[in-house]
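Each remark here refers to the structure printed beneath this line.
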Amino acid sequence: MRLHALPLLLGLVLLTGCAGTPYVPDATHAELVAPYQLDAGDQLRVIVFGQDDLSNTYLVDQSGHIAMPLIGSVPARGLTTAAVEAEVTRRLAAQYLRHPDVSVEVGQYRPFFAMGEVGTPGQFAFLPGMTIQQAIAVAGGFTPRADKYTVEVTRSYGGRVESARLKLSDPIMPGDTIYVRERII
């Protein structure tokens, strides 16, 4: 009888080890190396050289646009800063400036969110290179009831919203929602 129980016991031990292993879809990590796509909440620093009245910081609004003097609403959602720069340049050159020299960069990224078993759930400022562990620290750290091994991150990319369990050392992206579950025992 003992011999028959050994494979079952070994299988349970292996399954238990797998339960703590984070599930990481390839698309989540592919997003980290792709050019940054803008979305609502990002602040863009637009500099039109020699045109102080046009140079300013513009917020990407809920519709995914920035509103600039003279050229109006410029789409930004899902685009890179280079694409927005090209569109602003094109619009200014079409009617207002002979050879506009435009620069667009992210002035401030949209916030990330932390929920569940963290000290202070809420919305927080994103800093480039931030890991999940650092984001949780910003949110007040783990509560005593937190499951420190199951952290779920919800991310929007490519027009889809996906959730995955990630490792604490994985980087986060602007707009991510981090959810720390309560441990069972």
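Since the structure is predicted, the reported quantities are computational estimates derived from the model, not experimental observations. Every heavy atom of this structure was used, including side-chain atoms; hydrogens, water molecules and symmetry mates were not.
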Enter the distance from [X]:[atom1] to [Y]:[atom2] here, rounded to the nearest 0.5 Å.
| X | Y | atom1 | atom2 | result |
| --- | --- | --- | --- | --- |
| Arg155 | Leu166 | CZ | CG | 6.5 Å |
| Arg165 | Arg181 | CZ | CZ | 8.5 Å |
| Gln133 | Lys167 | CD | NZ | 13.0 Å |
| Thr177 | Gln123 | OG1 | CD | 10.0 Å |
| Ile136 | Met130 | CD1 | CE | 11.0 Å |
| Asp147 | Glu152 | CG | CD | 11.5 Å |

Worksheet item: Which pairs pass ring pair (Phe, Tyr, Trp, His ring centres under 6.0 Å) with one or both residues in residues 111-134, sequence neighbours excluded?
Response: Tyr109-Phe126, Phe112-Phe124

Response to the item:
Contacts satisfying side chain to side chain donor-acceptor pair (under 3.5 Å) that involve residues 64-83 (not counting sequence neighbours) are Asp39-Arg77, Ser63-His65

Is there a path of hydrophobic side-chain contacts, each under 4.5 Å between heavy atoms of I, L, V, M, F, W or Y residues, that connects [X] with [Y]?
| X | Y | answer |
| --- | --- | --- |
| Leu59 | Leu70 | no |
| Met115 | Tyr149 | no |
| Ile47 | Met68 | no |
| Tyr96 | Ile66 | yes |

Discussion item. Check whether Ser156 reaches the backbone of Val161 with its side chain - one donor and one acceptor, N or O, closer than 3.5 Å.
Written reply: no

Discussion item. Using only atom types and a distance under 3.5 Å, with no angle test, would you say the side chain of Glu85 pairs donor to acceptor with the backbone of Val104?
Written reply: yes

Kindly indicate whether the side chain of [X], heavy atoms from C-beta on, has any atom under 4.5 Å from the side chain of [Y].
| X | Y | answer |
| --- | --- | --- |
| Glu87 | Leu79 | no |
| Val102 | Val46 | yes |
| Val118 | Thr143 | no |
| Val106 | Leu38 | yes |
| Leu92 | Leu54 | yes |
| Ser163 | Tyr179 | no |
| Thr89 | Pro100 | yes |
| Tyr36 | Met173 | yes |

Worksheet item: Which atoms form the tightest heavy-atom contact between Ala135 and Ile178, and what is the distance?
Response: CB-CD1, 3.5 Å

Worksheet, complete the sentence: All heavy atoms of Tyr58 vs all of Ala67, minimum pair found to be CD2-O, 3.2 Å

Item to complete: Quick one: list whatever passes salt bridge (charged side-chain N to carboxylate O under 4.0 Å, His left out) with Arg183, sequence neighbours left out.
Response: none

Discussion item. Pair Leu168, Thr131 - check side chain to side chain contact (heavy atoms under 4.5 Å, CB included), show working.
Written reply: CA-CA 7 Å; Leu168 293 176; Thr131 65; over 6 Å; no

Worksheet item: salt bridge (charged side-chain N to carboxylate O under 4.0 Å, His left out) with Arg110: which of Asp42, Asp61, Asp176?
Response: Asp42

